[in-house]
Amino acid sequence: MTTLTHRPDTLTRDALAVLQPGFHGTTAPDWLLRRIGEGLTSVGLFGRNIHTPAQLAALTAQLRAERDDILVAIDEEGGDVTRLEVREGSSFPGNYALGSVDDVELTRAVARELGSRLAGCGVNLNWAPSADVNSDVNNPVIGVRSFGADPALVARHTAAYVEGLQSAGVAACTKHFPGHGDTAVDSHLALPRIDVGVDTLHARELAPFRSAITAGSKSVMSAHILLSALDPDRPATLSPRILTGLLREELGFGGLIVTDGIEMQAIASTYGIERGSVLAIAAGVDAICVGGGLADEGTVLRLRDALVDAVREGELPEERLADAAARVRALADWARRVRGASGPGAAVQEGTAPGAGTSAAGGPDIGLVAARRAVRVTGTVEPLQEAPYVASFAAVANIAVGDETPWGVAAELTALLPGTEAGTYGSGSGAAEVLAAAGERRIVAVVRDLHRHSWMAAVLDGIREARPDTAVVEMGVNHAEPAGSPHIATYGAAPVCGRAAAEVLTGRSV
């Protein structure tokens with residue numbers, strides 16, 4: 001337990017309470033423990049902080065030794081976006097796969113199981129689900145993270161996900177309010193803008209958030225996007241009209257409002273993180289998420305001091321900061337009480353993979369069940385009898401997904417057909433290169449978002465012209481016309497999706 005030599009004043013404690021910082025390492029650094037003792041109430045975890053379930057459980061126990069009601073948050077969407085299994089790939093398909101099945105009980109069960117695994121490791125706040133309606137098929141950052149393009153479908157699955165996750169004692173954080181689906185710009189890199197009318201926004205973007213609020217979502221994450229019909233001047237994260245007027249007053253949300261990463265360029269390059277944090281709290285935000293990129297003590301102190309100075313200079317009302325801190329503490333208290341009521345979670349044994357075990361229903365792993373149900377096949381499948389050549393076409397991964405998490409079908413096909421060979425190709429590759437590497441082997445071409453990448457489509461056309469029996473596995477948004485013999489859509493690139501595709505290609509189970 002860290003011992004304080006003095007007690008910070010209430011204003012400083014409130015400023016620390018509204019921060020959700022990250023850090024480096026697989027154990028908590030001394031500076032973080034000190035700040036928890038001084039009032040910090042939340043911590044964010046990323047892939048860099050997690051090696052094994054047992055290590056994660058030890059880390060969260062270390063944090064709770066400083067503060068029993070600490071909120072431990074993570075960005076664990078499942079599917080393409082995983083932190084719990086960042087090096088292995090997720091045991092669960094993502095939202096797009098679940099939406100393609102359109103079974104809300106399955107979505108609820110997947111979220112419950114994911115929540116149970118998080119709770120068992122001591123995590124009690126998940127920055128998920130994504131409730132964005134992916135109405136722009138060229139969206140570079142949402143895509144398969146969305147349940148789909150139909151607002152009603154997204155709404156019912158968002159509600160089911162919230163209910164499933166919170167039934168496991170993990171608070172949901174529905175994102176990215178008021179909707180990041182109709183954007184062609186990644187807010188990690190710049191400020192996206194949506195220029196549609198208020199009626200469209202209410203019918204499309206806001207429908208899933210209404211459902212999430214009705215389902216009791218404990219928190220909502222704001223988007224760094226400019227919606228001109230709602231506020232032509234400020235992005236949602238910094239807009240009183242959107243966060244206080246729309247989310248609080250009109251939609252009646254009473255829970256915690258969290259920002260998307262404040263260091264994302266949509267905010268940082270325009271306002272700076274200090275000014276952005278002050279404006280966000282003033283607009284109605286309760287917690288500042290920071291740490292995906294800036295994960296040091298200096299960042300925490302800069303934001304703390306910016307908030308304190310803003311109050312002392314009359315720019316930020318003290319009661320607004322106090323209200324935000326109170327909302328953070330209220331959620332922390334809920335999480336502590338839920339944890340106390342259900343026990344500390346199942347013990348996690350060293351070496352046990354997060355995806356090991358069975359579903360709550362006692363059948364096969366619920367993630368694999370869902371991935372198998374999501375697969376869509378066009379054309380006739382003639383099961384592979386011999387080890388193929390797997391050509392994976394890799395575009396640059398968006399920042400939310402990252403490039404360290406494995407994806408594809410090569411490993412899964414190798415498990416079924418030893419001797420399978422594979423290669424990965426980028427935008428400078430050509431069909432001749434793939435054909436030469438494949439030799440006489442049957443080719444399995446693996447793509448993601450084929451419709452978004454003309455180079456990928458051109459290479460695939462060249463391969464199929466020479467080898468018409470090429471099987472195509474689409475692991476992204478399934479928008480391009482099916483091409484391949486057969487064409488298999490998995491609606492996501494998690495390993496369970498690859499396994500489901502491999503089973504279709506071979507007619508065997510792993």
Side-chain angles (χ1 to χ4, degrees), residues 88-91 93 97 353 355 364-365 367-395 405-450 453 455-476 478 480-510:
E88 303 82 20
S90 180
S91 301
D365 183 278
L368 181 57
V369 169
R372 285 169 173 162
R373 290 184 62 186
V375 169
R376 298 290 182 271
V377 179
T378 303
T380 302
V381 178
E382 294 184 6
L384 295 170
Q385 302 299 326
E386 298 179 350
Y389 182 80
V390 179
S392 298
F393 297 95
T405 303
W407 66 280
V409 301
E412 289 73 18
L413 277 173
T414 300
L416 293 169
L417 293 172
T420 292
E421 295 185 0
T424 301
Y425 301 88
S427 57
S429 303
E433 182 183 354
V434 179
L435 292 167
E440 298 300 314
R441 292 170 179 263
R442 176 95 177 270
I443 297 174
V444 177
V446 186
V447 298
R448 291 168 83 170
D449 296 347
L450 182 66
H453 305 290
W455 68 267
M456 196 181 295
V459 176
L460 182 59
D461 286 345
I463 295 171
R464 292 183 59 246
E465 183 177 353
R467 301 284 292 273
D469 65 344
T470 296
V472 176
V473 180
E474 169 62 87
M475 305 194 82
N478 188 33
E481 285 295 317
S485 179
H487 179 276
I488 299 170
T490 62
Y491 297 85
V496 285
C497 300
R499 179 173 169 181
E503 291 176 349
V504 171
L505 285 165
T506 61
R508 311 180 194 176
S509 295
V510 177

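Computed from a predicted model, the values in this text were never measured in an experiment. Just so it is clear, the values below take in all heavy atoms, side chains as well, and ignore hydrogens, waters and symmetry mates.
For E474 (side chain) and L450 (main-chain N/O), a donor-acceptor pair under 3.5 Å exists by modelled atom type.
S429 places none of its side-chain heavy atoms less than 4.5 Å from the side chain of V434.
Applying the side-chain contact (heavy atoms from CB on, under 4.5 Å) test to A411 and every residue at least two apart in sequence or in another chain returns nothing. In terms of the side-chain contact (heavy atoms from CB on, under 4.5 Å) criterion, S485 has no residue partners (sequence neighbours excluded). Every side-chain contact (heavy atoms from CB on, under 4.5 Å) that P482 has, sequence neighbours left out, goes to T378, H487. Residues satisfying the side-chain hydrogen bond (donor to acceptor under 3.5 Å, both in side chains) test with R376, not counting sequence neighbours, are none. Scanning for side-chain contact (heavy atoms from CB on, under 4.5 Å) contacts around A493 gives D80, W407, R448, M475, with sequence neighbours left out. By the ring pair (Phe, Tyr, Trp, His ring centres under 6.0 Å) test, Y491 pairs with Y96, sequence neighbours left out. Taking R467 as the reference, nothing meets the side-chain hydrogen bond (donor to acceptor under 3.5 Å, both in side chains) condition, with sequence neighbours excluded. The side-chain hydrogen bond (donor to acceptor under 3.5 Å, both in side chains) search around E382 returns none, not counting sequence neighbours. With sequence neighbours left out, E421 forms a salt bridge (charged side-chain N to carboxylate O under 4.0 Å, His left out) with R441.
Across all non-hydrogen atoms, the minimal contact from P418 to A387 is O-CB, 3.7 Å. Between T490 and A374, the closest heavy-atom pair is O-CB, 4.2 Å. Between G367 and P93, the shortest heavy-atom distance links the atoms O-CD, 3.2 Å. Between W455 and Y425, the closest heavy-atom pair is CH2-O, 3.8 Å. Closest approach of G507 and P383 over heavy atoms only: N-CB, 4.2 Å. Of all the heavy atoms in S90 and A494, the pair that sits closest is O-CB, 3.8 Å.
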Does the pair V444 and L384 meet the rule for a side-chain contact (heavy atoms from CB on, under 4.5 Å), with working shown?
CA-CA 10 Å; V444 177; L384 295 170; 4.2 Å; yes

Step by step, work out the side-chain contact (heavy atoms from CB on, under 4.5 Å) result for V409 and I488.
CA-CA 11 Å; V409 301; I488 299 170; over 6 Å; no

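Between atom OG1 of residue T420 and atom CG of residue L413 there is a gap of 5.5 Å, rounded to the nearest 0.5 Å. Here CG of L435 is found 10.5 Å from CD of E440. Values are rounded to the nearest 0.5 Å. Taking CG from L368 and CZ from R373, the interatomic distance works out to 12.5 Å, rounded to the nearest 0.5 Å.
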Distance-only donor-acceptor hits, side chain of residues 456-465, under 3.5 Å, sequence neighbours excluded:
none

